[in-house]
Amino acid sequence: ARPRPSRPCRHGRFLTARAAPAAAKMAEQPEPFCLREVLGAFRACVTERREVLLGPYLSGWRGLVRFLSSLGTIFSFISKDAVAKIQIMESYCSGEQREEYRTLQSMVRFEVSSGVLDRQKASKHPDSGCRTVLRLHRALRWLQLFLEGLRTAPEDARTAAICTDSYNASLAAYHPWILRKAATLSFCALPSRNAFLEVMNVGSPEEAVEMLGEALPHIRDVYGITQELYAQHRLLDLP
C-alpha cells in the first residue's frame, strides 16, 4: 500500500505513516509557522500565581521568529536579534542555575539579589537574563501592536502603514536613526493583509483573524505582567 502523505496537524507538527523519514526531513528544514503553536505557548505562559514560565515564553518566541522569517528578509533586523536572545535565555534555562530561570519572577529576584545588574550603565554581565528578556519584551510589544492592527484593519488596508505605526509606537524609540530609517523603508515592501493572514497557516483569512482574536489577549497578558514586574524593579531602562 502507498504511504499516506504528510498532513499538518492541529499543533503545527506533521503526521506521517513513517515517522523516521518525516523526523529526518523536519530536522533538515525548519517547521513552518503556525499561529496555533504561538497561541498554545503564550496561553501556557501564565501560571495561577500570575508568574510567567520562561519555557513556554521562549517557545512562543520561536514561533514568532518563524512568522517573521516566513516573510523573507524584511524583518531580519528583528528576527536575527531575537534568535540570539532566545539562545542566550535557553542556555540559562538549561544551565546549572536553571531553577532560578524557571519563571520570569524567579529570574528577576535572582539577578537583582546577586548584584549582576547595574541600572546606570552596562555592567560586566551584558547578557544577563533581565537585559536579554527586556529586548524580547520590547520587540513583543511591536509584534502585539502589528498583529492587532492586522486583525482589526479592513481587507484593503496598507500593511506598511500598520507596521510603521506599530514600530513607531514601540521599538523605534530604542533604535538609532539610521536603523529606524532603514526599517520604515523596508516596510514599504510588505505584502497585502490577506497574504499576512495566509502565512498564519490556520486556514482562510477569516479563520486567521478569529485565531488572532484568541492569541492576542494571551500575548497582551504576558506583556503586561512583564511590564509591571520590570517597572517594580526599575528595570525598564536597563542600558
Side-chain angles (χ1 to χ4, degrees), residues 8-15 23 26-27 30-70 78-79 81-95 97-111 129-130 132-148 150-151 170 197 199-203 207-233 235:
C9 75
R10 290 186 303 171
H11 303 291
R13 295 183 175 85
F14 286 80
L15 301 176
M26 287 171 63
E31 288 184 52
F33 171 74
C34 182
L35 184 59
R36 278 193 192 89
E37 178 187 339
V38 173
L39 169 60
F42 280 100
R43 178 187 283 154
C45 267
V46 181
T47 70
E48 292 182 359
R49 298 176 59 185
R50 304 289 292 163
E51 293 185 323
V52 176
L53 297 169
L54 285 174
Y57 181 83
L58 296 176
S59 178
W61 253 111
R62 285 193 294 272
L64 290 174
V65 165
R66 283 199 289 275
F67 167 62
L68 297 176
S69 299
S70 68
I78 295 174
S79 60
D81 186 58
V83 167
K85 300 295 186 283
I86 291 168
Q87 290 172 344
I88 291 170
M89 290 310 303
E90 286 176 337
S91 69
Y92 282 122
C93 292
S94 60
Q97 295 172 316
R98 55 184 171 274
E99 282 304 310
E100 306 291 353
Y101 291 88
R102 193 180 74 85
T103 71
L104 186 66
Q105 287 74 8
S106 63
M107 177 192 75
V108 170
R109 284 194 301 269
F110 172 67
E111 293 198 346
C130 288
T132 303
V133 169
L134 178 60
R135 272 56 182 179
L136 291 173
H137 174 67
R138 291 169 177 172
L140 187 64
R141 176 62 172 167
W142 164 68
L143 273 168
Q144 175 202 326
L145 294 173
F146 181 42
L147 293 174
E148 183 63 37
L150 287 176
R151 186 184 74 84
S170 53
L197 296 175
V199 168
M200 304 292 173
N201 201 21
V202 291
E207 289 172 309
V209 166
E210 182 179 349
M211 187 156 289
L212 278 173
E214 293 181 48
L216 282 166
H218 295 287
I219 294 175
R220 195 158 47 238
D221 194 28
V222 170
Y223 177 86
I225 294 171
T226 307
Q227 183 77 2
E228 183 178 350
L229 178 69
Y230 270 56
Q232 287 174 353
H233 291 274
L235 301 176

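A quick note: this is a predicted structure, and the numbers were derived from the prediction, not measured. Just so you know, residue 1 is the first one in the sequence shown, and it goes up from there.
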- Message: The criterion is salt bridge (Lys or Arg N to Asp or Glu O under 4.0 Å); which residues satisfy it with R62, sequence neighbours excluded?
- Response: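 Applying salt bridge (Lys or Arg N to Asp or Glu O under 4.0 Å) to R62 gives E90.
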- Message: If the condition is salt bridge (Lys or Arg N to Asp or Glu O under 4.0 Å), which residues does R138 pass it with, not counting sequence neighbours?
- Response: none
- Message: Parallel, tilted or perpendicular, judged at 30° and 60°: which one describes the rings of Y92 and Y101?
- Response: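 Plane angle under 30°, so parallel.
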- Message: Can you classify the ring geometry of H137 versus Y230 as parallel (below 30°), tilted (30 to 60°) or perpendicular (above 60°)?
- Response: parallel
Over all heavy atoms of both residues, which pair between [X] and [Y] is shortest? Give the atoms and the distance, please.
X	Y	answer
C93	L54	SG-CB, 4.0 Å
L53	T47	CG-CG2, 3.7 Å
L136	Y57	CB-OH, 3.8 Å
V222	C45	CG2-CB, 3.7 Å
K85	T132	O-CG2, 3.4 Å
V199	S70	CG1-OG, 3.0 Å

Sub-3.5 Å donor-acceptor pair from the side chain of [X] to the main-chain atoms of [Y], do we have one?
X	Y	result
E111	G129	yes
S59	G55	no
E51	L104	no

Distance in Å, [X] [atom1] paired with [Y] [atom2], rounded so as to fall on 0.5 Å steps:
X	Y	atom1	atom2	result
E148	R220	CD	CZ	5.5 Å
L150	L145	CG	CG	11.0 Å
F67	S79	CZ	OG	11.5 Å
E37	N201	CD	CG	10.5 Å
L216	L35	CG	CG	8.0 Å
E214	R36	CD	CZ	9.0 Å

- Test side chain to side chain contact (heavy atoms under 4.5 Å, CB included) on L147 and M200 and set out the steps. CA-CA 11 Å; L147 293 174; M200 304 292 173; 3.8 Å; yes
Please examine the side chains of [Y] and [X], heavy atoms only from C-beta on, and report whether any two atoms are closer than 4.5 Å.
X	Y	result
L140	W61	yes
F42	L64	yes
E99	S106	no

- Query: In a check of side chain to side chain contact (heavy atoms under 4.5 Å, CB included) between L229 and each of R50, R109, Q105, which one passes?
  - Reply: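 Only match with L229 under side chain to side chain contact (heavy atoms under 4.5 Å, CB included): Q105.
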- Option among R98, Q97, R102 that satisfies the side chain to side chain contact (heavy atoms under 4.5 Å, CB included) test with E100: Q97
